[in-house]
Amino acid sequence: MKKLQSYDVFKPGAFPEYTYISRISSELMFTYEFRLKQALNTPGYLTSIIGPSKTGKTVLCEKVIGLDNMISLTGSDFKNSTNFWEVIATKLGLVVEGEYSKVNTSKESINEENMRIKSIASRDRYLANKDTIIDYFKNNNLVLVLDDFHYASEELQFDIAYQLKDAIRKELKAIVISLPHRADDAIRKNADLSGRLNLINIEPWKKEELKKIAITGFDKLGIEITDIFAEKIAIESLTSPQLMQSICLNLSLISNIDEVNELDMTLLDKSYKFTTINLPYKEVVKKLKSGPSTRGQKRKTYKIDGEHDLDVYGIILKAIASDPPLISITIDELKNRVDHLMVNIEDKLDKNKLKKTLQAIQDIMTNSEAIYQVFEWKDEQIYILEPLFLFYIRWGVNRK
Ligand SMILES: Nc1ncnc2c1ncn2[C@@H]1O[C@H](COP(=O)(O)OP(=O)(O)OP(=O)(O)O)[C@@H](O)[C@H]1O
Ligand SMILES: [Mg+2]
């Protein structure tokens, strides 16, 4: 057998065959896999999975359902079409023209013949096709997964919910996946669906769970990693299994472990930096650091240890990035961090000033695109929404 390479084992962007970690949901005391299996075996119910970005929602479905049985569409697949069933038929490669009887319901023959897909003109045909499609799912033991549901417009979300309501009654197995905050009210708060929902909330990853990725992966590669180092990387990964996979992969590549069969832990910081290279936060940092327009006036700046002088916006970002990396930071903790950063002890930024500045940053984020929603300032706390953003400001190119 060919020796496993580090890129076989650590898979930051795909299904982690060798480093898949099963987690127990603290809400349910069962594994997520068990919960999803059970949900799919409740005929007449729709499954709604909600969880922060990159916490393994898609990977969980792939694990439980298997790629062959999963028909996956995303919220944006529905953008250009008002016909839900047509989009699904297209995805399946089903012919949606003509009569019910013309549709061949064997998956293989449909995929082999490159059949023509025509749009459905009348509502009658559309209704007939809907049943055909549901039968097709049932006969082939398929599960419909509507991934990234939040990408569909609100109007579309309600339309899809309406279609699903009827379809699940006919025992179509379906899962809707979305992020928290970008609410899927169309599903979870839909009176028509209440009592017919299986709710699965994916929690952020805990340090112990993240550590398992490193320990399992390096073990598969026949390389030892001490508990202390696995823990170090897990702390840096915050709550993100993807970040953990990325850092482990980059550490392996930089250490050249596939050749030398040894990990060089002195290269850890270098691997962190390397891991930030492809993160898309350069413009985000720039915008948040600049703050609102001052109409040409210069803000007061402060002397910071080992850095250029920074204004209050720069200092707040720097304080968020300080050690230890935390997913939520109280205003008191932030104030402490800010005080520590100041070189001149007479330089003070009081709590009120910090709060006002945080509110201004929050306003900028709220009025910008999704990529800018990296943290949230509410109830006197900063909540990191994007662990990768925090990692970026800790280790990105600007770091001295
Ligand atoms: N159970 C797991 N064990 C190990 N690694 C995992 C696990 N789940 C996810 N990962 C890692 O995290 C990455 C992201 O997972 P996934 O794409 O499923 O997240 P997601 O929640 O669907 O993200 P998005 O919100 O962007 O759709 C995976 O490619 C893998 O590297
Ligand atoms: Mg996903």
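Counting convention: from 1, in listed order, for ligands and their atoms alike.
One option in Pro241, Gly56, Pro16 has a heavy atom closer to atom 16 (P) of ligand 1 than any other, and that option is Gly56.
Near Ser53, meaning under 4.0 Å from one of its heavy atoms, ligand 1 places the atoms 25 (O). Residue contact check: Gly13 has heavy atoms under 4.0 Å from atoms 29 (O) of ligand 1. With ligand atoms numbered from 1 in the order given, ligand 1 contributes 1 (N), 2 (C), 3 (N), 4 (C) to contacts under 4.0 Å with heavy atoms of Ile21. Contact atoms of ligand 1 toward Asp148: 27 (O) (distance under 4.0 Å to a heavy atom of the residue).
Aromatic ring pairs are classed by plane angle as parallel below 30°, tilted from 30° to 60° and perpendicular above 60°; the pair Trp395 and Tyr272 is tilted. Taking the six-membered ring where the residue is Trp, Phe84 and Phe78 present parallel rings, their angle staying beneath 30° rather than reaching 60°.
In terms of polar-atom proximity, Val59 is counted as a contact of ligand 1, with an N or O under 3.5 Å from an N or O of the ligand. At least one N/O-N/O distance between Lys54 and ligand 1 falls below 3.5 Å. Of the N or O atoms in Pro12, one or more lie within a sub-3.5 Å distance of an N or O in ligand 1. Here's the thing with Ala14: one of its N/O atoms is less than 3.5 angstrom from an N/O atom of ligand 1.
Not one N, O or S atom of Ser53 sits under 2.8 Å from the Mg ion (ligand 2).
Of the protein's non-hydrogen atoms, the one nearest atom 22 (O) of ligand 1 is Thr58 OG1, 2.8 Å. Atom 5 (N) of ligand 1 has Gln245 NE2, 3.0 Å as its closest protein atom, hydrogens excluded (heavy atom only).
Here Trp205 has side-chain heavy atoms under 4.0 Å from ligand 1, and that is the only part of it that gets that close. Contacts between Lys11 and ligand 1, counted as non-hydrogen atom pairs separated by less than 4.0 Å, involve the backbone only. Under 4.0 Å from ligand 1, heavy atoms of Lys57 appear from its side chain as well as its backbone. With a 4.0 Å heavy-atom cut-off, ligand 1 is reached by the backbone of Thr19 but not by any atom from C-beta on.
Checking Gln362 against Thr366 by side-chain atom types alone, a donor-acceptor pair falls below 3.5 Å. A donor and an acceptor atom, one from each side chain of Lys220 and Thr19, are nowhere located under 3.5 Å apart. Residues Ser48 and Arg188 have side chains that bring a donor and an acceptor to within less than 3.5 angstrom of each other.
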List the steps and the verdict of salt bridge (charged side-chain N to carboxylate O under 4.0 Å, His left out) for Glu386 and Lys54.
-> CA-CA 9 Å; Glu386 279 299 344; Lys54 302 289 179 298; over 6 Å; no
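Side-chain contact check for Asp309 versus Ile304: every heavy-atom pair is 4.5 Å or farther apart. The side-chain heavy atoms of Ile233 and Ile225, taken from C-beta on, include a pair separated by under 4.5 Å.
Judged by the 6.0 Å distance and 45° axis criteria, Lys63 is positioned over the aromatic ring of Tyr20.
For the salt bridge (Lys or Arg N to Asp or Glu O under 4.0 Å) criterion with Asp131, the lone passing option out of Lys170, Arg169, Lys138 is Lys170.
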